Amino acid sequence: MTTLLKHRIAALVGQAAEEAQRQGALPAGPLPEIEVERPQNPEHGDFAVSLPLKLARVARMNPLAIAQRLAPLLPPEEAIAEVKVAAPGFINFTVRQEWLQWQVEAIIKAGEHFGSLARENRERIHIEFVSVNPTGPLHVGHARGAVLGSGLASILAAAGHQVSKEYYINDAGTQMQVFARSLYARYVQALGRSSEMPENGYVGEYVIDLGKELVAEQGDRFAGMGEAEAVEAVREWGLQKMLELIRLDLEAIGVTFDVWFSERSVFESGQYTETMELLRAKGYLAQREGATWFASTMLGEDKDNVLVRSTGEPTYFASDTAYHRGKFLRGFDRCIDIFGADHQGHVPRLKAAMEAVGIDPSRLTVLVNQLVALKQGGDAVRASKRTGNIVTLRELVDEVGPDACRFFFLSRPPESQMEFDLALAKEESADNPVYYVQYAHARIASILRLGQERGLEWSGGDVSLLGDPAELGLIRKMLQLPELVETMAERLEPHHLPRYAQDLATAFHWFYQQCRVVSSEPSERAMTLARLKLVEASRVALARCLELMGMSAPERM
RNA sequence: GCGCUCGUAGCUCAAUUGGAUAGAGCGCAGCCCUGCGGAGGCUGAGGUCGCGGGUUCAAAUCCCGCCGAGCGCACCA
């Protein structure tokens, strides 16, 4: 992969600015970071730099005058055809047509790696998401975090980082215990006897089914034991069942993990004790009211948090602190967590805990995604696991399909409060942007098939014939993908990808409308070969886009 | 009450993180097929960027205050 053109332009502008300072045309002093933008108005060229505007104040000069002095000092660059200064102080760059045409070759050559970035500062990045208690099926709200996490992971990997996706299994906490007791009660009931559900138990129907399944699979062997022992045994069985269910549900929406990390192992490995000792040694522990507290107020928090209950049981916060410390001990440079908004209160204390154990909290980024408000027609649907009123992730995927789900959830930034109208989601299927993008891919595949059927060999096609605005526009659009991958990875914002995919599809459809690709006229043979080459490049770009989003790229629809 | 997040076209959402005339999809009104997939292309209408102040060459974006929405504020996770 070569350096992105926008970086080369930034370097050129930097050199020009330094040269201007040497000549005294610009006052000496530190230069701000040079940002290269993509102007939205095509009349402003392909790239734009607003450095003169940013410099105007410190230099006490008219920004337009700065731009006019800078422009002639720019070193030559073969990819750039024209540099223009524009009011109130922009420097605009237009790329050379020959360079654009040659990129078609470069894209085909890059193939499935097109859009990937080579980088020197490759980071080891840990990304944890979903991590739902294994006490029930995933619901729609979880789908958003799941898609976001997996999409972000793909983008970070494409941006050249080493990424590990992890699911943290809360198999040690009180919720798991309540679940086990609920399951035990349903199991006993399935045997025809009476048994009381625990306080705040999991009353969802799936637990009843699970109880029956347990009877069918294991008979009444747990009924003979003492209750405590039976609950323990049933808990293990239930945990495995739920994990399997969760894993399959996630797979259905195209989400997989590299590591499934058990909360219990945090205790068994000694990492929990070690972390607590560390906190104690650093003076962050306080005994009060029979419990052990993390003195987060020492770090500017508005309240302390319980680590060990007066019953002696550690809280979720305690094991999570040890778990997160462990991530960094495993050698990750950065950790990214994706939380639902209902866990946002956990963020400040977790960061404070990292600081307390001697880890720079800025190495931990927590993305909080707002919950999905469900609607059925006009009415709000309340999704809650314990009350049993669930719209499951599985139901959603079955209804809408994994591609549409992924596209939809990826489209919006995490912090947006989105409404999901289930009735609308089904209805929309024909006019969905998802199909629009996939249709473009199918159309491309169809054209390439035709080319093959006609026995055309386009690898030697002459790209210099590609001069139609629609052709050049398509190439321009394709070239934005690597830039986009870079910004999305920097800002941790996957939501630009679906929009880009639509733009790319539009650019292709327009080209298709404007330019006949496969012609039977012998005189147009050279043009046919060149355009087939362009179509192949389009396939590369669009397929990569779909792959990054975790969507299928159909050959036919 | 306090904290976090959000408020942009009729609807669902963008806006290159302070830049040039605020853009897409759906919906609405039109137009385009005797050759490669019409699940397509093109044009148009539609905006007090929640409201009010402030910061500066420049604000949807930053600051302050209101209004409204979601989520938190446990010895749950």
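The sequence lines fix the lettering, A, B, ..., with proteins before strands; numbering per chain opens at 1. Here the structure is a predicted model, which is why all the values come from computation and not from measurement.
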Discussion item. Rounded to whole Å, how long is the line connecting atom CZ of Phe339(A) with atom P of C71(B)?
Written reply: 19 Å

Sort me out a list of protein N/O and nucleotides 54-59 of chain B N/O pairs below 3.5 Å, or just none if empty.
unit_1 : atom_1 : unit_2   : atom_2 : d
U56(B) : O3'    : Arg57(A) : NH2    : 2.7
C57(B) : OP1    : Arg57(A) : NE     : 3.4
C57(B) : OP1    : Arg57(A) : NH2    : 2.4
C57(B) : OP2    : Arg57(A) : NH2    : 3.2
C57(B) : N4     : Leu53(A) : O      : 3.4

Discussion item. Between G10(B) and G19(B), how far apart are the two C1' atoms, rounded to whole Å?
Written reply: 30 Å

Worksheet item: Can a side chain N or O of Gln344(A) be found less than 4.0 Å away from OP1 or OP2 on G3(B)?
Response: no

Fill in: Whole-Å distance separating the CD atom of Glu301(A) from the P atom of A74(B)
13 Å

Do any N or O atoms of the protein come closer than 3.5 Å to N or O atoms of nucleotides 41-44 of chain B, and which pairs are they?
unit_1 : atom_1 : unit_2    : atom_2 : d
G41(B) : OP1    : Tyr436(A) : OH     : 2.5
G41(B) : O4'    : Gln513(A) : OE1    : 3.3

Discussion item. Any side-chain N or O of Thr174(A) below 4.0 angstrom from OP1/OP2 of A77(B)?
Written reply: yes

Worksheet item: Could you give the CZ-to-P distance, from Arg516(A) to C36(B), as a whole number of Å?
Response: 6 Å

Fill in: Between P of A15(B) and CG of Leu484(A), the distance in whole Å
11 Å

Worksheet item: When the distance from CG of Leu367(A) to P of C6(B) is rounded to whole Å, what number comes out?
Response: 12 Å

Worksheet item: Does Ser50(A) make a side-chain N or O approach to OP1 or OP2 of G19(B) shorter than 4.0 Å?
Response: no

Fill in: Test: Arg349(A) cationic atom under 6.0 Å from Phe317(A) six-membered ring centre, within 45° of axis
yes

Worksheet entry | Flag side-chain contact, heavy atom, 4.5 Å: Leu548(A) against Tyr500(A) | no

Worksheet entry | Rounded distance (Å) that lies between atom C1' of A77(B) and atom NE2 of His324(A) | 13 Å

Discussion item. Rounding to an integer number of Å, can you tell me how far Asp342(A) CG sits from C4(B) P?
Written reply: 18 Å

Discussion item. I want to check one thing: is the phosphate of A15(B), taken as OP1 and OP2, less than 4.0 Å away from some side-chain N or O of His495(A)?
Written reply: yes

